[in-house]
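Following: one structure in structure tokens, then a few remarks.
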Amino acid sequence: MFPAFCRICANEAQLRRELKDSMGYCSVNPNFLPILTSIHLAALNRGIPGRGTRDIRLALMGPLAGVGDSLVQFCLAPVFSTIGAAMAQEGLILGPVVFLLGMNGLLLAMKLSSEKVGYRLGASLAERLKGSMDPLSGAARMVGAAVIAGLAANCVDLRLDLALAGVQGEVLEVQGFLDMLLPGALPVAYMGILFYLIRKRKWGTHSLVAMTLVLGVLLKTAGILL
């Protein structure tokens with residue numbers, strides 16, 4: 001995006017600001033990435049800085065990642081690999097050629113078409129919502145937070161291996177009680193701690209990974225975590 005920034009930005013100060021605002025975390029299928037970059041550039045070209053559309057792009061990141069990965073890895077790749085493997089088993093040299101050319105050609109077409117879609121969305125947002133980006137960004141931020149919280153609850157495996165003895169000899173499993181009271185509370189709480197360390201304490205990803213690794217080993221060794 002650097003060449004586009006150089007053409008759009010009026011001065012070096014704006015260029016530095018846009019470059020800094022664009023250096024954020026982005027995890028999305030690469031074939032749908034042009035949608036996000038085109039929204040960014042189309043809105044910037046119409047006077048809306050990248051910071052104004054950042055929350056919208058973050059909210060779209062999760063759905064585009066899921067749709068893109070499912071479409072490419074579990075739909076297109078198996079189809080073309082099956083066709084290519086069947087042709088190769090018959091002794092046809094065109095088997096790998098069909099797989100490589102067909103798969104890469106279709107992915108290229110997806111990238112080009114998604115770029116057009118992103119440009120139209122960015123231009124539409126800039127024209128219609130230029131004076132009311134804050135409410136839309138706030139709504140997008142809420143959607144993004146809900147998606148991240150849902151991913152944390154379903155993908156982060158954090159369970160306690162603690163039990164409390166009752167007065168009459170009964171044993172209460174803490175994890176089972178938490179699952180009944182607040183399912184997924186521990187993963188979401190830990191993600192909240194990581195978010196606090198990133199936003200407020202300015203921790204880097206390497207520090208967070210190291211802290212998670214050390215805590216996991218220590219708490220597992222102490223018998224606190226499953």
Side-chain angles (χ1 to χ4, degrees), residues 1-5 18-19 21-45 50 53-126 136-137 139-157 184 187-188 191 194-195 198 205-206 208-209 212:
M1 296 176 68
F2 180 73
F5 285 154
E18 291 300 328
L19 287 174
D21 291 340
S22 66
M23 298 291 286
Y25 175 78
C26 184
S27 177
V28 69
N29 186 274
N31 304 290
F32 284 171
L33 177 62
I35 294 180
L36 303 182
T37 56
S38 297
I39 290 176
H40 188 169
L41 293 177
L44 178 62
N45 194 35
T53 58
R54 180 171 52 191
D55 294 324
I56 298 174
R57 289 181 278 117
L58 289 176
L60 291 175
M61 182 178 67
L64 289 179
V67 173
D69 292 343
S70 300
L71 181 62
V72 175
Q73 301 297 331
F74 303 107
C75 181
L76 300 180
V79 170
F80 280 100
S81 61
T82 301
I83 295 175
M87 296 179 66
Q89 285 182 341
E90 297 295 330
L92 298 175
I93 192 62
L94 290 178
V97 175
V98 168
F99 171 75
L100 292 175
L101 293 182
M103 189 69 183
N104 288 284
L106 190 56
L107 293 181
L108 178 59
M110 288 177 57
K111 289 182 179 180
L112 295 176
S113 60
S114 62
E115 184 178 9
K116 292 183 179 180
V117 171
Y119 179 81
R120 292 174 182 174
L121 288 175
S124 177
L125 286 173
L136 183 60
S137 296
R141 193 180 302 114
M142 293 174 62
V143 173
V147 171
I148 295 300
L151 289 175
N154 289 278
C155 299
V156 178
D157 187 12
V188 173
M191 293 299 296
L194 297 182
F195 181 77
I198 293 175
T205 54
H206 295 87
L208 296 177
V209 171
T212 301

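Computed from a predicted structure; not experimentally measured.
- Between atom CZ of residue Phe80 and atom SG of residue Cys75 there is a gap of 9.5 Å, rounded to the nearest 0.5 Å.
- Between Leu36 and Arg57 the shortest heavy-atom distance is O-CD, 3.4 Å.
- Using a 4.5 Å heavy-atom cutoff, the side chains of Leu41 and Phe5 are in contact.
- Checking each of Val72, Leu64, Leu60, Asp69 against Phe32 for a side chain to side chain contact (heavy atoms under 4.5 Å, CB included) leaves exactly one that passes, namely Leu64.
- Note that NZ of Lys116 is 13.5 Å distant from CD1 of Ile35, once rounded to the nearest 0.5 Å.
- Here the straight-line distance linking atom CG of Asn31 with atom CG of Leu107 works out to 4.5 Å at 0.5 Å rounding.
- One finds the CG atom of Asn29 at 8.0 Å from the CG atom of Leu71 (value rounded to the nearest 0.5 Å).
- Here the side chain of Ser113 pairs a donor or acceptor atom with the backbone of Met110 at under 3.5 angstrom.
- Going from atom OG of Ser38 over to atom CG of Asn45 covers 12.0 Å, rounded to the nearest 0.5 Å.
- Taking CD1 from Ile83 and CG from Leu94, the interatomic distance works out to 13.0 Å, rounded to the nearest 0.5 Å.
- Few gaps surround CG on Leu112; more than 12 heavy atoms of other groups in view lie less than 6.0 Å from it.
- The closest donor-acceptor contact from the side chain of Thr37 to the backbone of Met1 lies at 3.5 Å or more, if one exists at all.
- Closest of all the heavy-atom pairs between Pro78 and Gln73 is CD-O, 3.4 Å.
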